[in-house]
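Chain identifiers are assigned alphabetically (A, B, ...) following the order of the sequence lines, protein sequences preceding nucleic acid strands; residue numbering begins at 1 within each chain.
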Protein chains: 2
Amino acid sequence: MKLDEAKKKFIQTWGALGSQWGINKTMAQIHALLLISEEALSMEDIMEELHISRGNASMNLRSLIDWGIVFKEFKAGERREFFSSEKSIEELARKIAKERSRREIKPAIRVLKEVSDVEDQSGDAEQFKKTTSELYDFILRADNMLDKITEQKGNWITKTIYKLMT
Amino acid sequence: MKLDEAKKKFIQTWGALGSQWGINKTMAQIHALLLISEEALSMEDIMEELHISRGNASMNLRSLIDWGIVFKEFKAGERREFFSSEKSIEELARKIAKERSRREIKPAIRVLKEVSDVEDQSGDAEQFKKTTSELYDFILRADNMLDKITEQKGNWITKTIYKLMT
DNA sequence: CTGAACTTTCAAAAATAATTGAAACTTTTA
DNA sequence: TAAAAGTTTCAATTATTTTTGAAAGTTCAG
């Protein structure tokens, strides 16, 4: 495959994967573009490359920065801002995992805790409590596991697999 | 909290969590409803409980069955079909993880492999190859890890955490 | 200050995804 | 075999999410 074609395909695929996992397609595409760019890119560059509007670029860049996986860069003698992405894949994955846990999983855990504490005593209520507290326990443990995995610095995926094999 | 309120809140929350992770809200809500129902429910029951149309119920139930987390049940002397969900949370998580890996991660891995094999030799191409193959390696290993974790039968979350702590 | 260069905001428009509902289809009963 | 009971399909509609683009905002050089 030719480089240009490969780049396009990578950006498309990353974008599609993003949507399937609840992340705005353009956001994922900007991220893909920055990942494979040696140099930091200006907003103009990004708009042109992906054929998107200024507003769209601005908003999605902001989100990426909020997620902690894209950074603003300043170049000497240049007024405008440049953007570059976290280049370490491990660090990238760690940040994404942390953010999704914080924004989505932890709030859900709180609700599960809350609803599993229903006051009724009927058989129906007992069944409900049982299911929701099992779910609470499970998700809490899974989330803790995620924390454990991601807090290991350096080659955590490899380390984790190694431990799992023993 | 009262049982009815708790049920509603649980169904809402599960639905919202679904959308955030790329799963149709109604599909997640039907699943939530079945999870907390002792008895299998008919399509009518589900339509009424969630205020959704017959077509919507039918299509989303089908998806849930395709995912392997909801089953049709037949009751003696009843013409219509009843639906119930996988009740073991561990089994549920295992099935969801397996399906998402099969449908989304594995195809993405194939594309990454493909694009990281670009033929050009320029510096630009080398950088692109480097990033995409790192990503390929990483996601491949993460996916293998997921396979490893989910193939352990019985209390796999606990076992995994235990191993991680040693 | 003033205005040029650049970025952000947000209401409106466009694109995408989900939902409806009625017709077609399937299965069962009489 | 007819029709009743139930389910599925899918074109049209509705809801939701994303994107645009122009106005407002900001920063900086002269």
Side-chain angles (χ1 to χ4, degrees), chain A residues 11-34 40-67 70-84 100 103-104, chain B residues 11-34 40-67 70-84 100 103-104:
Chain A
I11 291 170
Q12 290 311 312
T13 304
W14 206 236
L17 202 61
S19 347
Q20 284 173 323
W21 289 79
I23 282 143
N24 175 320
K25 188 186 70 175
T26 303
M27 183 171 152
Q29 289 185 337
I30 294 177
H31 177 244
L33 176 61
L34 293 175
L41 301 182
S42 71
M43 204 143 87
E44 292 287 343
D45 295 335
I46 293 165
M47 286 162 58
E48 193 171 321
E49 199 76 44
L50 303 177
H51 306 98
I52 59 173
S53 71
R54 190 173 294 286
N56 198 1
S58 173
M59 290 177 110
N60 285 114
L61 278 166
R62 163 114 82 105
S63 296
L64 286 162
I65 291 169
D66 288 347
W67 275 67
V70 162
F71 317 106
K72 278 191 186 177
E73 273 185 27
F74 299 94
K75 289 196 185 175
E78 280 273 17
R79 171 93 77 93
R80 70 218 152 116
E81 300 166 333
F82 290 80
F83 302 89
S84 67
R100 294 209 80 152
R103 297 182 190 204
E104 297 152 11
Chain B
I11 291 169
Q12 290 311 312
T13 304
W14 207 235
L17 202 60
S19 344
Q20 284 173 322
W21 289 78
I23 282 144
N24 175 317
K25 188 186 70 175
T26 302
M27 184 171 152
Q29 288 185 338
I30 294 178
H31 178 244
L33 176 61
L34 293 176
L41 301 182
S42 70
M43 203 143 88
E44 292 286 345
D45 295 336
I46 293 167
M47 286 163 58
E48 193 170 321
E49 199 77 43
L50 303 177
H51 306 98
I52 59 174
S53 71
R54 191 172 294 287
N56 198 0
S58 172
M59 289 176 111
N60 283 302
L61 278 166
R62 163 113 84 106
S63 296
L64 286 163
I65 290 169
D66 288 347
W67 275 66
V70 161
F71 317 106
K72 278 190 186 179
E73 274 185 25
F74 300 94
K75 290 196 184 176
E78 280 273 15
R79 170 95 75 95
R80 68 219 154 115
E81 299 166 334
F82 290 79
F83 301 89
S84 67
R100 294 210 81 153
R103 298 182 190 203
E104 297 152 12

Check your understanding: At under 4.0 Å, does any side-chain N or O of A:N60 touch on OP1 or OP2 of D:dT18?
Key -> no
Practice item. Round to the nearest Å and state the distance from B:F74 atom CZ to D:dA5 atom C1'. Key: 15 Å
Revision key, fill the gap. A:R62 has its side chain closest, among C:dT8, D:dT18, D:dT9, to C:dT8
Exercise for review: Consider the side chain of B:M59, meaning its heavy atoms from C-beta on, and name the nucleotide among C:dA4, C:dG21, D:dC10 that approaches it most closely.
Suggested key: D:dC10
Exercise for review: Using atom CZ of A:R54 as one end and atom P of D:dG25 as the other, report the distance to the nearest whole Å.
Suggested key: 18 Å
Check your understanding: If you take all heavy atoms of B:R103 and B:D66, which pair is closest and at what distance?
Key -> NH2-O, 3.9 Å
Check your understanding: Out of D:dT19, C:dT19, C:dT7, which nucleotide sits closest to the side chain of A:N24?
Key -> D:dT19
Review point. With respect to the phosphate group of C:dT8, does any side-chain polar atom (N or O) of A:K72 fall under 4.0 Å of OP1 or OP2?
Key: yes
Exercise for review: Using whole Å, report how far CZ of A:R79 lies from C1' of D:dG25.
Suggested key: 14 Å
Point to revise | Flag if over 12 foreign heavy atoms under 6.0 Å of CD, B:E73 | key: yes
Check your understanding: Which atom names give the shortest non-hydrogen contact between A:R100 and A:W21, and what distance separates them?
Key -> NH1-O, 2.6 Å
Check your understanding: So does B:R80 reach the base of D:dA5 with its side chain, donor to acceptor, closer than 3.5 Å?
Key -> no
Check your understanding: Think A:S58 has a side-chain N or O under 4.0 angstrom from the OP1 or OP2 of C:dT9?
Key -> no
Exercise for review: Rounded off to whole Å, could you give me the CE-to-P distance for the B:M27 and C:dA17 pair?
Suggested key: 16 Å
Review point. Which whole-number value in Å describes the distance from A:L64 CG to C:dT7 C1'?
Key: 16 Å
Practice item. Starting from P on C:dT7, measure out to CG on A:L41 and report it in whole angstrom. Key: 13 Å
Check your understanding: Any idea which of C:dA18, D:dT18, C:dT8 is nearest the A:T26 side chain?
Key -> D:dT18
Point to revise | Interatomic distance where CG belongs to A:N56 and C1' belongs to C:dT7 [whole Å] | key: 14 Å
Point to revise | B:E81 side-chain proximity, nearest of C:dT19, D:dT7, C:dT8 | key: D:dT7
Check your understanding: What do you reckon, is CZ of A:R62 surrounded by more than 12 foreign heavy atoms closer than 6.0 Å?
Key -> no
Point to revise | Under 3.5 Å donor-acceptor, B:D45 side chain and B:S42 backbone | key: yes
Check your understanding: Within this structure, what is the NE2-to-P distance between A:H51 and D:dG21, rounded to whole angstrom?
Key -> 13 Å
